[in-house]
Amino acid sequence: MNLTFLGTGTSTGVPSIACDCETCLSDDPRDKRLRVSILIEHGDKIILVDTSIDFRQQALRAKIGRLDAVFITHCHVDHVFGLDDIRPLNFRYGAMGIFANDTAWSDLRRIFQYVFQPTHIGGGLPLLIPHTIQHDAPFCIGDSLEVTPLEVLHGELPVIAYRFNDFAYATDLKIIPPESMDGLRDLDVLVLDCVRIKPHATHLNIDEALAVIEDLKPKRAFLTHLNHDILHERDSKLLPVNVKFAHDELVVE
Ligand SMILES: [Zn+2]
Ligand SMILES: [Zn+2]
């Protein structure tokens, strides 16, 4: 399995508009962060997690040629507002499956009403096959990719963390309920939310993220959804050896 970080930034992206802090002015490419999204390649399957607001730029940069399915963590702008840009893939390959929980679907159907209840004449719309997923109801993509959706809480909002075999992606969360913690054990790689150094109302900060990693003990962990408080080179010294800040275009096997 190959994991590609398409974006690792918080909702504003980094650099942040009109900011002249050290990170926003940094020349280090690891301090340039598009909005969070990952691409998973396993066997002949290519899976996207979240159609970030930067999806078009990310797809061109990563040379995405095809997608088999899209998984949505939750319906916030930074995670879904690139949905319309999957159309060029639909034009080539037809409709694709899109997976989300009930909460996300009620917002997706409202925000993207022109997609799910089309009234206009003519084509040009995203072609999506909706699937509703339930917490802890695993299913398979192809014959060897087991997907286990696990519910986590982003403030009050139920968000889906996805486990794919021995890899898991858990972003935009403040609380991981005990049954979801159990679903995140024995991992090779965990990608975890870590918005900044200071505490945050709806995201893990660095100390909370490291405490979760200490409990779950994945072989390796990567922190994502990073804001401009985090300067990659300087703040990497705060991390234990098996934990790294993710950066855009990083590929992990
Ligand atoms: Zn987010
Ligand atoms: Zn800044």
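In each ligand, atom 1 is the first atom listed, and ligand 1 is the first ligand listed.
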- Query: Looking just at side-chain N and O atoms, do Asn205 and His200 make a donor-acceptor pair shorter than 3.5 Å?
  - Reply: no
- Message: Are Phe71 and Phe164, when compared by the centres of their aromatic rings, separated by less than 6.0 Å?
- Response: yes
- Query: Glu249 and Thr4: side-chain donor and acceptor closer than 3.5 Å?
  - Reply: no
- Task: Measuring from the Zn ion (ligand 1), name the closest N, O or S atom belonging to Asp78.
- Result: OD2
- Nearest 10° is fine: what angle sits at the Zn ion (ligand 1) between NE2 from His79 and NE2 from His225? 110°
- Report the name of the N/O/S atom of His228 located nearest to the Zn ion (ligand 2). ND1
- Query: Which is the closest N/O/S atom of Asp172 when seen from the Zn ion (ligand 1)?
  - Reply: OD2
- Message: If you compare all heavy atoms of Ile213 against all heavy atoms of Leu190, which two are closest, and at what distance to 0.1 Å?
- Response: CG1-CD2, 4.3 Å
